[in-house]
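Notes follow the structure.
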Amino acid sequence: MLDPKLLRSDPEKVATALARRGLELDLEAFETLERRRKELQVKTQELQNLRNTKSKSIGRAKAAGEDIQPLLEEVASLGDELKVAEEALKVVQEELRQFMLHLPNLPHESVPDGRDEEDNREERRWGEPPEFGFEPRDHVALGEALGGLDFEAAARITGSRFTVMHGATARLHRALAQFMLDLHTGEHGYREAYVPYIVNDDSLYGTGQLPKFAEDLFRLEEERPWYLIPTAEVPLTNLLRDQILSPEALPFKVVAHTPCFRSEAGAYGKDTRGMIRQHQFDKVELVQAVRAEESFDVLEQLTGHAETVLQKLGLPYRVVTLCTGDLGFSATKTYDLEVWLPGQGRYREISSCSNFVDFQARRMQARWRNPDTGKPELLHTINGSGLAVGRTLVAVMENFQQADGSIRVPEVLRGYMGGLEAIAPE
RNA sequence: GGAGAGGUGGCAGAGCGGUUGAAUGCACCGGUCUUGAAAACCGGCAGGGGUUAACGCCCCUCCAGGGUUCGAAUCCCUGCCUCUCCGCCA
C-alpha cells in the first residue's frame, strides 16, 4: 500500500508516477472520499469525546450520591447520533481502504518506461549459449526419450499443466532444490524455513496478491478464506506481519523450498508444451527485510545470490530490468534472470528479484524499532526466486544434453546424485 | 471426534460495569551514587489514527466481530486460537 500521507500531501507526484505504469489515478474520486473521511472522522471523534466526558461525569455524580437523572436525559440522544456518525465513517473508511488496496507501487526512478517485456532493459549477460554439433532437442523430447518426464500420465491423474517425473530425472529435480537451499543457507546467510502451503486471505493481502489477483490463485473449498500459495513469498514475508523487530534481528533473511500453485487463468495457449508453465511447480524463494536505506543495495545483493546458482550450475543467462509496464503490482523495481533455453533458442525467465520498499510492510504492519528514535519504522522487503526449480531442471536438461539424448549432470549436483555423471535412457 | 480450562502491555501477572490504556514484578532506556561494575534509589517505557506550524489536544485498540448500557478489559452471542484429559492418527 502506498503511504496515504503522501497521497494526501502530494497527489500530483503519485499520479505522475502511476502514469508511468499506464495508470490514471482518479484524483477527484480520492479527494472527494478524503474530504468526507476527514469531515466524518472529526465529527465522530468529537461525539465520542463528548460521550466519554459525559459518561465519566455520570460515574462521578453517582459515586457522590447525586441524582443522575438529569444527566442521563442530557445524553439520551447522543448514542443514536454517535452510532449514525460511526456507521458513516466506517463506510467511507472502507471505500478509502479499497481505493488504496487497488493502487500498485510507484516505479523507482531507475526503472525504464515501457509497455511490455519488449521494453525491458538488458543489464548484463553471463556465459555463452552452448554450441551443439547436432540439432538440440527441447526438454519434452529429451524427457520423454529418457523416460523421465511423463506429461500424459499427469494429464490423466489431474489435467493439463502438470508433470510426472521419474527416476534420475526426479532425483535431479530434488538435487537442484537441495543444492540451492544448501548454497543460500551455507554461503549467503539465509535461514531455512519450512512453512504452510496454505495461507489465509490476510497473508495474501499483506503481500499484495489480493484483492486484485484472486483469479490467479487456487482457493480451497472451505468456509474459511484459505488458498494454496502461489509462491513462498507469501508465508515467508508474512512471518513479519504485525511484528516489531529489534535492530539485532536485521537483516532478516529467510529461504524456503516449497511447491507453488497458480491457476494460470488467462494463460490459455501460452507455453502449453512442456513444464515451463505449470499449475504446480517447486521454487526456492529468498526473502529479506531490511531498514529503509539499505533496500536497493540488498536488491543487488539478493539478485547476485540468485545469479550464483546459475553460475555454479554453468547455465548461461542474462539480467533484465523490468520496464514500468511489465513491473508487478507490489514491486518498485524488479530484475528478471533469464536462462538460455536451447530448445527454444531464447532466454526465458527463471527468477524474479524485486524490491517492494515499504509497500508490503505497510499492508502487513511489518516494522522494526529504530533505536535512534525509539519508534517503530516500516521495514523494506525484498525477495526473489533462487531459483524456480522446474525451470532450472528444464535449463539443465536442454543445456547439458548430448548427441545420444543423455544429460550431463552439472559438477555441483553430482554429490546429490550419488556421483552420477550423466542421465541416460532407462 | 468427546470433556474441560483459558486468551490483558516485550515477559510474568492483577483487574466490584464507572475518573483503568490498564496495578505490581521482571526486562529495557536515562539519571544519582561508585575508580569501574553490581546493588540501592529517582525517572521514563504499548500500538494505530486524527488534528496542529509546533507544544499539545483528541479518538481507537485488553484475540476478532457483533450486542446490552449514559458508560464494557469486566455482562451476553458468534468466530478464531491456545492448553489439559480421553479417543483416533502420519
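So you know, we letter chains A, B, ... as the sequences are listed, proteins then strands, and number each from 1.
- Counting to the nearest Å, the P atom of B:C70 and the CZ atom of A:R60 are 19 Å from each other.
- For B:G66, the OP1/OP2 oxygens have a side-chain nitrogen or oxygen of A:K90 closer than 4.0 Å.
- Around CZ of A:R36, the count of heavy atoms belonging to other residues, nucleotides or ligands within 6.0 Å does not exceed 12.
- As judged by a 4.0 angstrom heavy-atom cut-off over every strand, A:K43 is placed among residues making no nucleic acid contact.
- Between A:Y190 and A:H188, the two ring planes are perpendicular [angle over 60°; tilted spans 30° to 60°].
- When the side-chain nitrogen and oxygen atoms of A:K62 are compared with OP1 and OP2 of B:G71, none of them lie within a distance under 4.0 Å.
- The interatomic distance linking A:Q365 (CD) with B:A46 (P) rounds to 17 Å, in whole Å.
- Pair check for B:U19 finds none; no Watson-Crick or G-U wobble contact set falls under 3.5 Å.
- For the pair A:R8 and B:G50, the criterion of a side-chain N or O lying under 4.0 Å from OP1 or OP2 is met.
- The number of heavy-atom neighbours closer than 6.0 Å to NZ of A:K83, taken from other residues, nucleotides and ligands shown, is 12 or below.
- Note on A:R51: a side-chain N or O is less than 4.0 Å away from OP1 or OP2 of B:C60.
- Side-chain contact annotation: A:S110 with A:K333, donor-acceptor N/O pair under 3.5 Å present.
- Comparing the P positions of B:U8 and B:C63 gives a spacing of 6 Å, expressed to the nearest Å.
- Note: CG (A:D202) to P (B:C81) measures 13 Å, nearest angstrom.
- For the P atoms, the distance linking B:G21 with B:G31 amounts to 32 Å, nearest Å.
- Nucleic acid contact for A:P376: sugar-phosphate only, since backbone atoms but no base atoms lie under 4.0 Å from a heavy atom of the residue.
- B:G66 atom P lies 10 Å from atom CD of A:E86, rounded to whole Å.
- In this structure, the nucleotide among B:U19, B:G50, B:G18 sitting nearest to the side chain of A:K56 is B:U19.
- Atom C1' of B:A72 sits at a distance of 11 Å from the matching atom of B:C62, rounded to the whole Å.
- Nucleotides B:G7 and B:C76 have their P atoms positioned 14 Å apart, rounded to a whole Å.
- Counting to the nearest Å, the P atom of B:C60 and the CD atom of A:Q93 are 13 Å from each other.
- A straight line from CD of A:E377 to C1' of B:G48 spans 16 Å, rounded to a whole angstrom.
- A:N52 has no side-chain polar atom (N or O) that falls below the 4.0 Å cut-off from OP1 or OP2 of B:G71.
- Contact check, A:R369 against B:C29: no side-chain N or O comes under 4.0 Å of OP1 or OP2.
- As a whole-Å value, the separation of A:R367 CZ from B:G47 C1' is 6 Å.
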**OP:** Dump the intermediate steps for salt bridge (charged side-chain N to carboxylate O under 4.0 Å, His left out) on A:E187 and A:K312, then the final yes or no.
**Re:** CA-CA 12 Å; A:E187 292 181 32; A:K312 293 212 179 233; 3.7 Å; yes
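- Residue A:K38 is classed as a sugar-phosphate contact, given heavy-atom separations below 4.0 Å to backbone atoms only.
- The nucleotide B:A5 finds its pairing partner in B:U82, both defining distances of the Watson-Crick or G-U wobble pair being shorter than 3.5 Å.
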**OP:** Go through A:H380 and A:F296 one step at a time and tell me if the ring-ring contact (aromatic ring centres under 6.0 Å, His included) criterion holds.
**Re:** CA-CA 9 Å; A:H380 278 198; A:F296 283 95; 7.5 Å; no
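- In this structure, CG of A:N49 is placed 7 Å from P of B:C58, rounded to the nearest angstrom.
- Only the C1' atoms considered, B:A38 is 40 Å distant from B:C55, to the nearest whole Å.
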